[in-house]
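Since the structure comes first, as structure tokens, the remarks are kept for the end.
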Amino acid sequence: EAGVAQSPRYKIIEKRQSVAFWCNPISGHATLYWYQQILGQGPKLLIQFQNNGVVDDSQLPKDRFSAERLKGVDSTLKIQPAKLEDSAVYLCASRLQGNTEAFFGQGTRLTVV
Amino acid sequence: RKEVEQDPGPFNVPEGATVAFNCTYSNSASQSFFWYRQDCRKEPKLLMSVYSSGNEDGRFTAQLNRASQYISLLIRDSKLSDSATYLCVAGDSNYQLIWGAGTKLIIKP
């Protein structure tokens with residue numbers, strides 16, 4: 001079974017530039033999460049989708065971050081404009097309905113300079 | 001606010017020793033619980049789900065105490081390869097997952 005796919009793996013941009021990340025979850029997984037993880041910390045939820053609807057985006061900095069999952073399958077996360085403090089690993093995870101475990105992609109390591 | 005609390009460590013443990021981690025969660029309505037392992041510069045991977053009756057997988061044992069709202073992970077006969085960060089997770093009825101910050105474990109020869 002294919003895992004969660006994310007791209008790109010690495011990205012370096014200058015502050016105030018924009019960047020987009022892509023995630024393709026495991027086939028059939030209705031729930032999709034985007035997390036931000038800073039070194040030494042646990043994953044911080046940015047947004048959670050259930051199919052193509054948003055369940056929780058309370059911690060998404062909406063002035064600069066946006067995310068969509070138009071067809072309920074793959075998803076994109078965008079940052080515009082980026083700040084230095086956005087440097088982190090952005091993890092996408094997906095999950096079947098119910099109380100099953102979440103599976104993660106390898107993440108995108110973003111460096112803002 | 002829903003929270004999951006863990007001791008960040010690091011736990012420095014000699015090879016072969018037994019080590020235990022605890023994790024507390026604030027949402028009494030949490031329904032699912034997991035331990036994940038995260039290696040340096042890698043994504044988190046499921047170590048084990050935690051069931052009400054407790055569960056064991058080889059050298060690893062997980063326990064859930066709903067009354068006190070904590071879960072535990074016990075690692076017996078620790079190996080060098082067990083060195084990693086262990087993340088505690090609690091899930092609720094909206095499929096939300098609340099993550100702890102992780103406990104760093106270092107196994108020394």
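So that the names make sense, note that chain A is the first sequence line, chain B the second, and so on, each numbered from 1.
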- Query: How would you list, in number order, the residues of residues 31-48 of chain A that have a heavy atom less than 4.5 Å from chain B?
  - Reply: Thr31(A), Tyr33(A), Tyr35(A), Gln37(A), Gly40(A), Gln41(A), Gly42(A), Pro43(A), Gln48(A)
- Message: Within residues 83-92 of chain A, which residues come under 4.5 Å of chain B, heavy atom to heavy atom?
- Response: Leu91(A)
Enter the distance from [X]:[atom1] to [Y]:[atom2] here, rounded to the nearest 0.5 Å.
| X | Y | atom1 | atom2 | value |
| --- | --- | --- | --- | --- |
| Leu96(A) | Tyr95(B) | CG | OH | 10.5 Å |
| Gln50(A) | Gln96(B) | CD | CD | 10.5 Å |
| Lys42(B) | Phe104(A) | NZ | CZ | 15.5 Å |

- The interface call for Gln38(B) against chain A, heavy-atom contacts under 4.5 Å, is side chain
- Message: With a 4.5 angstrom heavy-atom cut-off, is it the side chain or the backbone of Leu46(B) that approaches chain A, or both, or neither?
- Response: side chain
- Message: Quick one, Tyr36(B) with Glu101(A), criterion side chain to side chain contact (heavy atoms under 4.5 Å, CB included). Give me CA distance, side-chain angles, the key distance, then yes/no.
- Response: CA-CA 10 Å; Tyr36(B) 277 72; Glu101(A) 70 268 28; 3.6 Å; yes
- Message: For the NZ atom on Lys62(A), are there more than 12 heavy atoms of other groups (residues, nucleotides or ligands in this structure) within a distance under 6.0 Å?
- Response: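 Yes - once you tally the heavy atoms of other residues, nucleotides and ligands closer than 6.0 Å, there are more than 12.
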Membership question, hydrophobic clusters at under 4.5 Å side-chain separation (ILVMFWY): are [Y] and [X] in the same one?
| X | Y | result |
| --- | --- | --- |
| Leu47(B) | Trp99(B) | no |
| Val13(B) | Tyr86(B) | yes |
| Met48(B) | Val4(B) | yes |
| Phe21(B) | Leu64(B) | yes |
| Trp35(B) | Phe60(B) | yes |

- Message: Contact between Arg41(B) and Arg109(A) at the side-chain level, heavy atoms closer than 4.5 Å - yes or no?
- Response: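 Sidechains of Arg109(A) and Arg41(B): in contact.
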- Message: Counting only non-hydrogen atoms closer than 4.5 Å, does Ala30(A) touch chain B with its backbone (N, CA, C, O), its side chain (CB onward), both, or neither?
- Response: neither
- Task: With sequence neighbours left out, write down each residue that passes salt bridge (Lys or Arg N to Asp or Glu O under 4.0 Å) with Asp39(B), or none if nothing qualifies.
- Result: Arg37(B)
- Using side chain to side chain contact (heavy atoms under 4.5 Å, CB included) as the criterion, list what pairs up with Gln80(A), not counting sequence neighbours.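 Partners of Gln80(A) by the side chain to side chain contact (heavy atoms under 4.5 Å, CB included) criterion, ordered by chain and then number, come out as Ser18(A).
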- Of all of Ala101(B), Ser32(B), Pro44(B), which one pairs up most often with chain A through heavy atoms under 4.5 Å apart?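 Top option by heavy-atom pairs under 4.5 Å: Pro44(B).
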